[in-house]
2 protein chains.
Amino acid sequence: MTLSKDADALRAAQMYYLQDLTMDAIARDLRTSRSTVSRLLSAARESGLVQIQIRNPLDTGPELEGMIRRRYNLDVHVVPILGTLNEAETLDRVAMQAARTIGPLVDSNAIIGVAWGSTLSAVSRHLTRKITHDSVIVQLNGAGNMHTTGITYASDIMRRFGSAYGARVEQFPVPAFFDHAATKTAMWNERSVQRVLELQAKMSIAIFGVGSVHADYPSHVYAGGYLDEEDLNALANSDVVGDVATVFFRADGSSDGIVLNERSTGPALAQLRQVRRRICVVSGVSKINGLRGALAARLATDLILDEATARRLVDYEGLTS
Amino acid sequence: MTLSKDADALRAAQMYYLQDLTMDAIARDLRTSRSTVSRLLSAARESGLVQIQIRNPLDTGPELEGMIRRRYNLDVHVVPILGTLNEAETLDRVAMQAARTIGPLVDSNAIIGVAWGSTLSAVSRHLTRKITHDSVIVQLNGAGNMHTTGITYASDIMRRFGSAYGARVEQFPVPAFFDHAATKTAMWNERSVQRVLELQAKMSIAIFGVGSVHADYPSHVYAGGYLDEEDLNALANSDVVGDVATVFFRADGSSDGIVLNERSTGPALAQLRQVRRRICVVSGVSKINGLRGALAARLATDLILDEATARRLVDYEGLTS
DNA sequence: TTCCCTCCTGCACGTTTGTGCATAGTGCTT
DNA sequence: AAGCACTATGCACAAACGTGCAGGAGGGAA
């Protein structure tokens, strides 16, 4: 039954997308109703059987993408956003497009590092399926905080990635920040932790958002009970502008001497830069400061962001350069 | 103007295919009418800006494809065809799907050999655009016959390929068959011809149909004034079943001792087999004999054919193996 | 300017498509 | 066997879509 359904979906997809027949004609061929064909085609798109790609002609692309691409030397996708949309709607659109952009990049045998946060959560909800073999999803940083182990929140994201790509999921069951750097040192010698760290070292793709300290909505990290008063003061005194996977950096991309990073469970920025494909997803102009820092630190090879933020990025840069 | 149109098309395509917005919503964003958006999207698909692919899960694919794939060890695409369709309609459907299947295989720097005939003509009419750089389309065999130089017929095909892929076109302005083998030898030493032959030697992709001697509709070659009475008798006496690019072969795939081949301008089968990707397009059960010969000769790495012919192929093979 | 040609746009209409809902089927538990 | 939970199907309706057509904008040529 499920076999004949896949076969039907394939057949329907071929006839619809490759031969331009109407669903009605296909329904007659498959001896079923037109509605069923409509649903078959939905399923075919959803499951990645049908892949729709948009190649943007790199050279003639919209001004905005070209400027960002040249300035930062990375692959950028600007998500066009209708005039007035609230933050949540924008995030949803960006996430949808990010999910579809990521799809083609995921291959068999990939080791994919995934961060967590509201951005990643949104992305994970829009992933389209794609079958791969022997791929692994590995969590980039711990998600526990003072109140919860964070397991359910982060693991939902991980699980969705895993099932979209048919990949093994490796959780990272530690807090986002240790209370004492010494504990981290100790844990980092545990074999269970080392297995995760080794996977991280071999990542071929990393996917993350950015946190921004001065955002209108502070990111999860800054408001979710992960940091106490003292920590927040320390961040301010170190001129921190944002973070990626709970590792902090300044506006110029530097991160040396930020003590909180010694207690953070995310990958050192130098290590992150080793990853071949580093996909950064950003939605909302309030992340602009964090984003600038992340770009200064050369943390991303691919950037997906909404139009307003993109415009802000080039405007500002235009003034200072 | 044309710039903003491309930009609009790109933007519209992103919103439509990646964000699932309605054309209405996109029209409002672009400050134009819904109709215009509909047309923009058509243009985007037509021009290859939007690419739709269907990956068939190799292992779970439909029975028919699996059997052919395993038996002949090649990549096969069976084109589903509605119950009763005449030859012309079938050819059109197969050609449409072939054109869309070929698209993704064409890369920059490719040298693409193209044969001619009713099949290739149909395929050429359905190509979707895809911009490549420094690609070349090279004609596989001459098209002249006793009555015409064949220039217009074959060159239309070539030109369509060339403009679909933004490629340079190299015609092969010789007859399909020389009257005397000696003339061929002489011509083959001409530098203008050698340039074409050298290109053929470097082909990375070859695209061709098959001719079948006993077809209900004999192919172009057998009925178009290319061969005289004597030639046809010679073919019959040599047990020829079909041809690819006016090079003939027997049911077992052999071609040695077929004298007509010495006067043919198509590439020797041994040379054709050197090409990495050899795409064979077949429509209509009457080509079954020629097709079997071509497969026996291992001329194809990729086969695109209609469902009825595919079924006939495995049925017959099932009996004899 | 005026005419003519071509290309582009929006409207209006008929067609095609998505989807809520009621129903029928399927498999699992008791 | 009966009950239950869940999924798949077709119907009917509303929404979304493609396209012929008529009008309008541009751009030479006379």
Side-chain angles (χ1 to χ4, degrees), chain A residues 1-52 54 60 80 82-83 85 89 92-93 96-97 99-100 125-126 128-129 163, chain B residues 1-52 54 60 62 80 82-83 85 89 92-93 96-97 100 125-126 128-129 163:
Chain A
M1 185 42 144
T2 178
L3 178 141
S4 93
K5 187 178 166 188
D6 278 2
D8 281 359
L10 181 65
R11 199 180 162 95
Q14 289 187 24
M15 296 204 256
Y16 191 78
Y17 288 106
L18 264 23
Q19 294 185 36
D20 286 341
L21 302 182
T22 70
M23 296 187 182
D24 218 5
I26 298 169
R28 281 195 296 278
D29 180 68
L30 297 182
R31 289 158 213 293
T32 181
S33 76
R34 197 185 50 70
S35 331
T36 300
V37 174
S38 171
R39 285 187 264 255
L40 275 178
L41 290 173
S42 290
R45 283 189 303 266
E46 184 59 29
S47 70
L49 199 101
V50 173
Q51 302 235 352
I52 299 181
I54 297 184
T60 95
L82 309 175
L85 232 50
E89 289 171 319
D92 207 54
R93 296 285 170 76
M96 188 177 288
Q97 183 150 342
R100 303 206 181 176
R125 260 180 262 273
H126 290 291
T128 54
R129 289 174 170 285
S163 70
Chain B
M1 184 42 144
T2 179
L3 179 141
S4 95
K5 187 178 167 189
D6 276 3
D8 281 0
L10 180 65
R11 199 180 163 94
Q14 288 186 9
M15 296 204 248
Y16 191 77
Y17 289 106
L18 265 21
Q19 294 185 31
D20 287 339
L21 301 182
T22 69
M23 295 186 182
D24 219 6
I26 299 170
R28 279 195 295 278
D29 181 67
L30 297 183
R31 289 157 212 292
T32 181
S33 75
R34 196 182 50 70
S35 332
T36 299
V37 174
S38 171
R39 284 187 263 255
L40 275 178
L41 290 173
S42 290
R45 285 190 302 268
E46 184 60 30
S47 69
L49 199 89
V50 173
Q51 303 239 355
I52 299 181
I54 296 184
T60 95
L82 309 174
L85 230 51
E89 289 171 320
D92 206 54
R93 296 285 169 75
M96 188 177 290
Q97 186 152 340
R100 302 202 180 176
R125 261 179 261 275
H126 290 292
T128 53
R129 289 176 170 285
S163 71

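Here is the naming used below: chain letters follow the sequence lines, and residue numbers restart at 1 for every chain.
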List the residues meeting side chain to side chain donor-acceptor pair (under 3.5 Å) with [X], not counting sequence neighbours, and say none if there are none.
X: B/Ser42; result: B/Arg45
X: B/Thr32; result: B/Thr36
X: B/Gln51; result: none

Checklist entry - With sequence neighbours excluded, what pairs up with B/Arg100 under the salt bridge (charged side-chain N to carboxylate O under 4.0 Å, His left out) test? => result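 Listed in chain order: A/Asp20.
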Could you give the distance from [atom1] ([X]) to [atom2] ([Y]), rounded to the nearest 0.5 Å?
X: B/Arg34; Y: B/Arg28; atom1: CZ; atom2: CZ; value: 11.0 Å
X: A/Gln19; Y: B/His126; atom1: CD; atom2: NE2; value: 10.0 Å
X: B/Leu10; Y: B/Gln14; atom1: CG; atom2: CD; value: 4.5 Å

Item to check | Axial bend angle, the helix from C/dT1-D/dA30 to C/dT30-D/dA1: five-pair end segments, nearest 10° | outcome: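 The two end axes of the helix from C/dT1-D/dA30 to C/dT30-D/dA1 meet at 20°.
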Checklist entry - Going 5' to 3' along nucleotides 10-23 of chain D, which nucleotides have protein heavy atoms under 4.0 Å from the base (write B), which only from the sugar-phosphate (write S), and which from neither (write -)? => result BBB---SBBBB---
